[in-house]
S.K.: 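Got a structure for you, written out below as structure tokens; questions coming shortly.
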Amino acid sequence: PLTENKTIVVSKGSTVRSISRDMYNQGIIDTPRFFEVLARFKKVDRKVRAGEYLFTPKISMVNALAKIERGEVFYRRFTIPEGSTKKQVFDNLKAEPYLSGEITIAIGEGEMLAETYMFSRGDSRNSIITQAKKALDTALDTAWETRKNFALKDKYEALILASIIEKETAI
């Protein structure tokens, strides 16, 4: 019966009954009891995975159950635009309602890669910072390994020089 995208959050330890009620209340399924029987028959009731699930219009009950069985949780996006300051990134992280917790990681200016990062509802704000820091480290390592002979002593000097060039040329 679903006519628009809907999400439900399956908490850790949720039962098939509570999931079927939530899905019924959201208009995703129209017969919660049949959903429960089907889930038990397919033994999905033993492998329910916590997370946020997105259901699209006219999804069948079987496909909805399969999505939960496979653990196809819905991932959200958080983008760090190029040229963002650490303060801007932190402000955007704090404003993201689907992330949790306070920012407790100490990180320097320019130590996060400008990119789009995927997260699940309830992930910590620190997890985005950690992803961005690891992505930058990986990109720097790759660039440093493929460098030609030049007078910079390490990859961080290369990062600083690249940032200066980018800022000065606006490219």
Side-chain angles (χ1 to χ4, degrees), residues 1-107 111-143:
L2 190 59
T3 58
E4 62 184 344
N5 286 349
K6 292 278 182 149
T7 62
I8 63 162
V9 177
V10 174
S11 304
K12 191 172 186 148
S14 290
T15 63
V16 169
R17 176 167 283 175
S18 66
I19 295 168
S20 69
R21 294 290 169 214
D22 286 348
M23 292 175 76
Y24 175 74
N25 291 336
Q26 291 290 330
I28 299 165
I29 60 173
D30 54 5
T31 51
R33 186 71 185 132
F34 181 71
F35 183 86
E36 292 172 39
V37 170
L38 183 62
R40 285 191 177 86
F41 176 74
K42 293 181 141 237
K43 296 186 169 97
V44 175
D45 58 330
R46 297 182 190 150
K47 6 178 187 172
V48 171
R49 296 184 190 170
E52 182 178 22
Y53 291 87
L54 173 70
F55 298 97
T56 55
K58 303 201 185 301
I59 188 168
S60 72
M61 195 176 309
V62 171
N63 288 340
L65 181 62
K67 183 177 276 231
I68 293 171
E69 179 180 20
R70 290 188 304 264
E72 287 181 19
V73 295
F74 175 60
Y75 287 98
R76 296 176 179 277
R77 299 172 189 265
F78 180 82
T79 300
I80 300 175
E82 288 193 28
S84 297
T85 65
K86 180 176 86 168
K87 181 186 179 334
Q88 290 169 326
V89 173
F90 280 25
D91 288 347
N92 290 341
L93 282 169
K94 289 175 187 173
E96 175 54 61
Y98 297 109
L99 288 170
S100 66
E102 296 297 317
I103 298 170
T104 58
I105 293 178
I107 193 163
E111 292 184 358
M112 295 177 281
L113 184 66
E115 188 63 72
T116 297
Y117 299 95
M118 307 301 282
F119 69 93
S120 295
R121 177 189 283 235
D123 284 355
S124 72
R125 288 174 173 83
N126 285 341
S127 71
I128 300 293
I129 295 169
T130 301
Q131 286 181 61
K133 172 72 172 139
K134 285 181 182 176
L136 178 68
D137 290 342
T138 300
L140 282 176
D141 289 342
T142 301

S.K.: Less than 4.5 Å apart, side chain to side chain, heavy atoms only: is that true for Asp137 and Lys133?
M.R.: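 Yes, side chains in contact.
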S.K.: Checking Ser60 against Asn63: is there a side-chain donor and acceptor pair closer than 3.5 Å?
M.R.: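 A donor-acceptor contact under 3.5 Å links the two side chains.
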S.K.: Looking only at side-chain N and O atoms, does Thr130 offer a donor or acceptor that is under 3.5 Å from a partner on Ser127?
M.R.: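 Per modelled atom types, Ser127 and Thr130 side chains form no pair under 3.5 Å.
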S.K.: Does atom NZ of Lys86 have more than 12 heavy-atom neighbours from other groups under 6.0 Å away?
M.R.: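 Yes, enclosed.
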S.K.: How far apart are the closest heavy atoms of Gly83 and Gln88, and which atoms are they?
M.R.: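 Result for this residue pair: O-OE1, 4.1 Å.
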S.K.: For Thr56 versus Leu2, what's the shortest heavy-atom pair and its separation?
M.R.: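 The answer is O-CD2, 3.3 Å.
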S.K.: How close do Ile128 and Tyr117 get, counting heavy atoms only, and between which atoms?
M.R.: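 The answer is CD1-CB, 4.3 Å.
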S.K.: Mind checking whether Ile107 and Met112 have side chains closer than 4.5 Å, heavy atoms only?
M.R.: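 Touching, per the 4.5 Å side-chain cut-off.
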S.K.: Between CG of Leu136 and CD of Glu115, what distance do you get to the nearest 0.5 Å?
M.R.: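 Answer for the CG-CD pair, Leu136 versus Glu115, is 11.5 Å.
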S.K.: Are more than 12 heavy atoms, taken from residues, nucleotides or ligands other than Arg40, located less than 6.0 Å from that residue's CZ atom?
M.R.: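 Enclosed.
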S.K.: Side chains of Phe35 and Arg33, heavy atoms from C-beta outward: is any pair under 4.5 Å?
M.R.: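 No, side chains not in contact.
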S.K.: Nearest 0.5 Å, please: how far is CZ in Arg49 from OG in Ser14?
M.R.: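 Between atom OG of Ser14 and atom CZ of Arg49 there are 14.5 Å.
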S.K.: If I take atom CG from residue Leu38 and atom NZ from residue Lys42, how far apart are they, to the nearest 0.5 angstrom?
M.R.: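 Going from CG on Leu38 over to NZ on Lys42, the span is 6.0 Å.
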S.K.: Taking all heavy atoms of Ser120 and all of Val73, pick out the closest pair and write down the distance.
M.R.: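 Looking at all heavy atoms of both residues, the shortest contact is OG-CG2, 4.0 Å.
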S.K.: Which pair of heavy atoms, one from Lys47 and one from Glu69, lies closest together, and at what distance?
M.R.: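 Minimum heavy-atom contact is NZ-OE2, 3.2 Å.
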S.K.: Taking the side chain as C-beta and beyond, is there a heavy-atom pair between Asn5 and Phe55 under 4.5 Å?
M.R.: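 Not touching, per the 4.5 Å side-chain cut-off.
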S.K.: CD1/Ile8 to OH/Tyr53 distance, rounded to the nearest 0.5 angstrom?
M.R.: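 Rounded to the nearest 0.5 Å, the CD1-OH separation comes to 8.5 Å.
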S.K.: Can you tell if the side chain of Asn126 reaches within under 4.5 Å of the side chain of Thr104, non-hydrogen atoms only?
M.R.: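 Yes, close enough: below the 4.5 Å cut-off.
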S.K.: Closest approach of Ser84 and Val89, non-hydrogen atoms and distance?
M.R.: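 Scanning both residues, the minimum pair turns out to be CB-CG2, 3.8 Å.
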S.K.: Starting at CZ of Arg125, measure out to CZ of Phe90 and round the result to the nearest 0.5 Å.
M.R.: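 Interatomic distance, Arg125 CZ to Phe90 CZ, rounded to 0.5 Å: 12.0 Å.
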S.K.: Say you draw a straight line from CG of Leu93 to CZ of Phe78; how long is it, rounded to the nearest 0.5 Å?
M.R.: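 If I round to the nearest 0.5 Å, the distance is 3.5 Å.
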S.K.: Any side-chain hydrogen bond (donor to acceptor under 3.5 Å, both in side chains) pairs touching residues 90-100, not counting sequence neighbours?
M.R.: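 Listed once each, the pairs are Lys87-Asp91.
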S.K.: Hey, is the main chain of Leu99 close enough, under 3.5 Å, to the side chain of Asp123 for a donor-acceptor pair?
M.R.: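 No, the answer is negative, given that no donor and acceptor are paired below the 3.5 Å cut-off.
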